[in-house]
Structures are given as C-alpha cells and as structure tokens.
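Quick notes on the structure that follows.
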Amino acid sequence: MQLRRRLTLMAATIVATPLVLAGCTADRTPGARPADGRAPELTVTPADQTRDLPITVEVGTAVKGGRITAVRITDDRGIQVKVEPREDGSAWVPSAPLQPMRTYTAEVAATGDAGKSTTRKTTFTTMPKSSKPAVTSTLYFAGNQTYGTAMPVTVAFDPPIAKEARPDVQRRLFVKTDPPQPGAWSWLEDGSQVYYRAPDFWRPGTTISVRAGLQGLPIGKDRIGDGDRTATSKIGRQVALDVDNATKKMSVYQDGKLIRKIPVSLGKPSTPTSSGKMVIMEKHQQTTFDTRGEPNGGYVVDVEDAQRLTWGGEFIHGAPWSEGDQGYTNVSHGCTNVSAAAADWLMGITQVGDLVTFKGTEVQLQPGNGWTAWNVSWDDFVKGSALPVPAGLQPAQVSPANPGAVAGGSPAPAPSLSGG
C-alpha cells in the first residue's frame, strides 16, 4: 500500500522535565585524581567572547583531576538559565532554546580530591534569528498518556535528514526513563524517521520523558530545526497480539499469558496483509475508510473500533460483513477483520504502543510503514544510529515465551485510510 506524509497523529508539546540548575554532585567527567593536591584543570566552551552561535548552543566542560561541582548560566539581564548535564558530562544543555542576539555568561566550578577548586567563566552571543527554511519535525509521543510496552519514540522529518546531518540532529534528541532502561536511536535509510527503543520491551510502570530540542539547530548548510518539543508518559500493562495466517486466528496475550483467540479474515491475495512486527498507532471508535484514488480502492465505508497498524492503511477493525469468512478465508483489502463483538472487546484491552505480530502472509512489512522499530533485530537496529551505541547495551539473554512479553517481568508520511 502506498505510503504518504503523516499529518494527523498527535504530536507532543508538553511540560519539560525538571532540570539541574547549579549544583552537580555526581562525578560525570572521569579523570585522573592528582596526588599532589593541585587544583583541577578545567576547560569550558564556547570560548570567551564567541559570537553568532546558534540558539541550541551548549556549554561544554572538560575537567582533569576533579569533578564539576557547579554550573551557572545567566543572560544579559541577569536571569538564570535552567540547564542539565549530558549523561557523559561533556556539556550542559539549556532546558529551552536560547534567545537570538542575546549575550550569555557561563560560570563553571570544578573541585579536586584535595578540596581545591577551579572556576572558569565564558561569555558568548547568539546569532540573529535565522531566515533559513525549517525542517518540519513531528514527535509521535504525546504527554500524559499510557502506552504499550512496545511503544517506540518516533520523530519524523520533512524533508528527510541527510546522513551527514544526522549526528547533530540525534545529539539533540533526549530520552530519560524511570526506572532507568537505556536504549538507542535508529534512522530509516531515507532519513524520514528516527526511532528510539530499548533492547527489550519497556517494563510496565516505566515513566518516559522525551525532548526533541531542535529549534534553531543548523541542519546541513541550508536548513534549521523547527521546534523544541517535550512529553512525559507512562508504560501500562503488557499486551501483545499474534496473528497467524495459517490458522486465521489472533492470539491475545496479557502479561505473557494467552487470554483469548479470535477468528480473523486478512487481506485477500490481491491486497495482502503484511507479515512482521507492528505497533498499534491509533485507536478510533468510529472512522471512515475512503479509498477513492487508491490503486485497489474505490470505496467508502464507515467502520467501528479501528486500530491503525501502518501508514499505508492496515487496521484491525470490526467487520460484521465478513464474520462468515473470519477464521476461514481472507477477503479484506489488507486489514484484519474481526467480529463487531471482538473488535469492541479489543478496544478495551489494547493500548497505543502494543505489539502486533503477523506471520504467514504473502508480503513483508516494509521499513517505515508504521512504527517498525521492532521489525528488526537489536543488532540491525543499532546499525541505524548516527552516533556510537554502548557495546554493553544488549537484549536480555533469556527471551520471553511470548514475543510481546516483557523481559524481566510484568517507545512523517500521511496515513492512508484505505482499510478493508
């Protein structure tokens, strides 16, 4: 099914995560400890009196023989700028974009083991507001939601991001999890989307906070980032759906246990359903499939209890007109048809972000046709990162019995509404 630019899924612009203001107690910058009691060596960037910096500028810190103990950034009116450190201690990041054509002062202190301190100050000025066209970014992770355990954080770009610009963009994409469950970013080959996930499915109860801090970021030579978006949401119960074309049955799992089997009718040979690992993207009590203009379409139909799986228009939905075929014959235009009663029941069980796995159909799920972060192995997934991925970041050694079960116990194109 044809992919188009996504326009309608909910993007997130919610409250920013609380940020560190001044004190820094963690030793985030490893270095040799001097035995002679000398003060630590401290380097701060940007250099003093640097001008015409982008509003995404960060204060870099490097310390030898000590640790950073305080960072304070103020603007030219004396107002303090909220910041937080990068995990590797390489820089301190303002919690919001700086203002154009403003002067800022950063004061950084470091303390050695013997108690001696070093302080450095740097003053820098941001550039005028850019007139370059912006890359439109869309964050598909809304705030104050409860998502399924397979929910990837997805950011889409129009136009796509060139390979040489992806490292700078990726460095401005931040994800925090509580309790900690680190992951990695992975780009689609064409640069139109980037996904973040952990090696294993999210643990139920995890809080995920996201920031796409792209506003004013230089992207390549000719464009800038369009916005600074944040969102915080939680992971709910573990639910997974497995659909087997051979049996024409959907198996529904909760916390790794089979709770129901549902007869299905999948896509007929001329419009087959895709095989692969998908994620529920949207849920609609009622919607309309309008396939006029589609190669295999031409119809308009109202449907109830529809759950989107792909940008190309594959849904799970109630289809009372095909109940006699469900469990026996594939008659749809690519969707997963279930009875009206089963569709209503599923709407009460599933969450956006739940994993749905199909097998045995005539075609394979294409990368980027939906949130396809789980449709590849972890080793292949991390190959798509524009930055190094920690070598120790690996899936759990023991795989769960069900693909949707959580290891260790119990996250663009326009959509087609072709359906069928």
Side-chain angles (χ1 to χ4, degrees), residues 17 87-88 139-142 145-155 170 173-188 193-211 231-243 251-259 275-281 309 349-359 365 367-368 370-411:
T17 307
E87 289 186 0
D88 62 1
L139 173 60
Y140 293 116
F141 189 90
Q145 303 293 311
T146 299
Y147 287 121
T149 57
M151 182 67 179
V153 177
T154 303
V155 186
Q170 189 172 321
L173 303 176
F174 307 93
V175 178
K176 291 183 178 180
T177 54
D178 183 21
Q181 192 178 351
W185 290 96
S186 182
W187 293 81
L188 290 183
Q193 295 180 66
V194 63
Y195 303 123
Y196 184 94
R197 71 170 177 91
D200 299 301
F201 298 102
W202 302 118
R203 299 182 184 96
T206 299
T207 297
I208 302 177
S209 297
V210 181
R211 179 186 178 195
T232 297
S233 283
K234 286 185 174 291
I235 300 301
R237 62 179 179 270
Q238 183 274 320
V239 173
L241 313 180
D242 288 354
V243 182
S251 298
V252 182
Y253 295 88
Q254 184 171 329
D255 297 322
K257 298 179 180 179
L258 179 66
I259 59 173
S275 284
K277 290 182 171 64
M278 306 178 186
V279 174
I280 295 174
M281 304 169 70
L309 303 177
I349 292 293
T350 60
Q351 306 146 117
V352 170
D354 286 341
L355 186 73
V356 184
T357 303
F358 289 84
K359 66 178 182 179
L365 180 65
W371 299 335
T372 55
W374 293 99
N375 201 43
V376 294
S377 68
W378 177 252
D379 288 343
D380 287 337
F381 182 81
V382 296
K383 290 177 183 177
S385 176
L387 297 172
V389 176
L393 197 58
Q394 295 290 332
Q397 294 299 311
V398 179
S399 299
N402 178 276
V406 178
S410 173

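Here the structure is a predicted model, which is why all the values come from computation and not from measurement.
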Kindly compute the distance separating [atom1] ([X]) from [atom2] ([Y]), expressed to the nearest 0.5 Å.
{"X": "Met278", "Y": "Asn375", "atom1": "CE", "atom2": "CG", "result": "8.0 Å"}
{"X": "Gln238", "Y": "Lys257", "atom1": "CD", "atom2": "NZ", "result": "11.5 Å"}
{"X": "Thr206", "Y": "Lys176", "atom1": "OG1", "atom2": "NZ", "result": "15.5 Å"}
{"X": "Thr154", "Y": "Arg197", "atom1": "OG1", "atom2": "CZ", "result": "11.5 Å"}

Closest non-hydrogen atom pair, [X] against [Y]:
{"X": "Pro199", "Y": "Leu393", "answer": "CG-CG, 3.8 Å"}
{"X": "Leu258", "Y": "Ser251", "answer": "CD1-CB, 3.7 Å"}
{"X": "Gln145", "Y": "Ser233", "answer": "N-OG, 2.8 Å"}
{"X": "Thr149", "Y": "Gly236", "answer": "CG2-O, 4.1 Å"}
{"X": "Ala198", "Y": "Pro182", "answer": "CB-O, 3.5 Å"}
{"X": "Val279", "Y": "Gly353", "answer": "CG1-CA, 3.4 Å"}

Those residues that, when tested against Phe381, pass ring-ring contact (aromatic ring centres under 6.0 Å, His included) (two or more places apart):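 In terms of ring-ring contact (aromatic ring centres under 6.0 Å, His included), with neighbours along the sequence ignored, Phe381 is linked to Trp378.
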
Identify the residue among Val239, Leu355, Leu241, Asp242 that makes a side-chain contact (heavy atoms from CB on, under 4.5 Å) with Tyr253.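 Answer after filtering Val239, Leu355, Leu241, Asp242: Asp242.
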
In terms of the angle between their ring planes, are Trp374 and Phe201 parallel, tilted or perpendicular, with boundaries placed at 30° and 60°?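 Ring orientation of Trp374 relative to Phe201: parallel.
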
Mind running side chain to side chain contact (heavy atoms under 4.5 Å, CB included) on Leu387 and Trp185 for me, showing each step along the way? CA-CA 9 Å; Leu387 297 172; Trp185 290 96; over 6 Å; no

Using a 4.5 Å cut-off on heavy atoms from C-beta on, say whether the side chain of Thr372 contacts that of Tyr195.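 Yes, side chains in contact.
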
Is there a side-chain contact between Ile208 and Tyr147, using heavy atoms and a 4.5 Å cut-off?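 No, every pair of side-chain atoms sits at 4.5 Å or beyond.
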
Checking Leu309 against Ile280 for the side chain to side chain contact (heavy atoms under 4.5 Å, CB included) test, could you report, in this order, the C-alpha distance in whole Å, the side-chain angles of both residues, the deciding distance, and whether it holds? CA-CA 5 Å; Leu309 303 177; Ile280 295 174; 3.9 Å; yes

If we count only N and O atoms by modelled type, under 3.5 Å, do the side chains of Gln351 and Thr146 hold a donor and an acceptor together?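 Distance-only check fails for Gln351 and Thr146.
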
Donor-acceptor contact below 3.5 Å, side chain Gln181 vs main chain Arg203: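 Yes, the answer is positive, given that a donor and an acceptor are paired below the 3.5 Å cut-off.
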
Expected output: side-chain Asp200 to main-chain Pro395 donor-acceptor under 3.5 Å: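 Pair absent, no side-chain N/O of Asp200 close to backbone of Pro395.
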
Apply side chain to side chain contact (heavy atoms under 4.5 Å, CB included) to residues Met281 and Tyr140 and explain how you reach the verdict. CA-CA 9 Å; Met281 304 169 70; Tyr140 293 116; over 6 Å; no

Residues in salt bridge (Lys or Arg N to Asp or Glu O under 4.0 Å) with Asp379, at least two apart?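 None.
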
